[in-house]
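Input: a single structure, listed below in structure tokens.
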Amino acid sequence: MAEAKELLGSGATLIDVRSAQEWRTGRAPQAKHVPLDRLQTSTAGIQKTRPVIAVCASGVRSGSAARLLAEKGYDAYSVRGGMAAWRHAGEPVR
């Protein structure tokens, strides 16, 4: 979480790769919703010029997303523990 916060503070993009239903249950305010299935076919709208941090519910799908992005040349990271860890760290959720 500390590394994610540091990256976000320096301009990284946060993408939430959960389903639309999960997204509606609460998300990081600065997150962009890019479901994993959509990410597998298109990275449109995600800048390559800044690091990208993926988040999901527990860290499994975001790990897949980070690997996929890294293969496409992105500087990509995954939030270990997902939104559960995000909430546990006291980060804002809306």
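The residues of the chain are indexed from 1 along the displayed sequence. Everything numeric in this text was worked out from a predicted model, so none of it was measured.
- For the residue pair W23 and A31, the shortest heavy atom distance occurs at CH2-O, 3.5 Å.
- Note: the hydrophobic cluster containing V17 also contains I46 (ILVMFWY, side chain heavy atoms under 4.5 Å, direct or indirect links).
- Counting all heavy atoms, side chain and backbone alike, A28 lies closest to W86 at CB-CZ2, 3.4 Å.
- Residue pairs meeting the ring pair (Phe, Tyr, Trp, His ring centres under 6.0 Å) criterion with at least one partner in residues 51-70, sequence neighbours excluded, are absent.
- Among pairs with a residue in residues 62-74, none fulfils salt bridge (charged side-chain N to carboxylate O under 4.0 Å, His left out), at least two apart in sequence or across chains.
- Contacts of K5 classified as salt bridge (Lys or Arg N to Asp or Glu O under 4.0 Å), with partners at least two apart in sequence or in another chain: E91.
- Looking at heavy atoms from C-beta onward, V79 lies out of side-chain contact with Y77 at the 4.5 angstrom threshold.
- The side-chain contact (heavy atoms from CB on, under 4.5 Å) check on R87 picks up M83, V93, with sequence neighbours excluded.
- Using a 4.5 Å heavy-atom cutoff, the side chains of V55 and L14 are in contact.
- Applying the side-chain hydrogen bond (donor to acceptor under 3.5 Å, both in side chains) rule to pairs touching residues 30-43 yields T43-Y74, sequence neighbours excluded.
- For residues 39-66, no residue pair satisfies the ring pair (Phe, Tyr, Trp, His ring centres under 6.0 Å) rule, not counting sequence neighbours.
- Every pair passing side-chain hydrogen bond (donor to acceptor under 3.5 Å, both in side chains) that includes a residue from residues 45-56 is listed here, sequence neighbours excluded: Q47-T49, Q47-R50.
- Applying the ring pair (Phe, Tyr, Trp, His ring centres under 6.0 Å) test to pairs two or more places apart or on separate chains, none has a residue in residues 34-70.
- The stretch residues 49-71 participates, sequence neighbours left out, in no ring pair (Phe, Tyr, Trp, His ring centres under 6.0 Å) pair at all.
- The two residues C56 and S62 make their nearest non-hydrogen contact at SG-N, 3.3 Å.
- Judged as a side-chain contact (heavy atoms from CB on, under 4.5 Å), and not counting sequence neighbours, E6 has no contacts.
- Under the rule for a side-chain contact (heavy atoms from CB on, under 4.5 Å), the partners of A66 that lie at least two apart in sequence or sit in another chain are A76, S78.
- Rounding to the nearest 0.5 angstrom, the gap separating the CG atom in L36 from the OG atom in S64 is 6.0 Å.
- Contact annotation: the side chain of L8 approaches that of I53 to within less than 4.5 Å [non-hydrogen atoms, C-beta and beyond].
- To the nearest 0.5 Å, atom CG of residue D75 and atom CG of residue L69 are 10.5 Å apart.
- Remark: A57 engages R18, E22, R61 in a side-chain contact (heavy atoms from CB on, under 4.5 Å) (not counting sequence neighbours).
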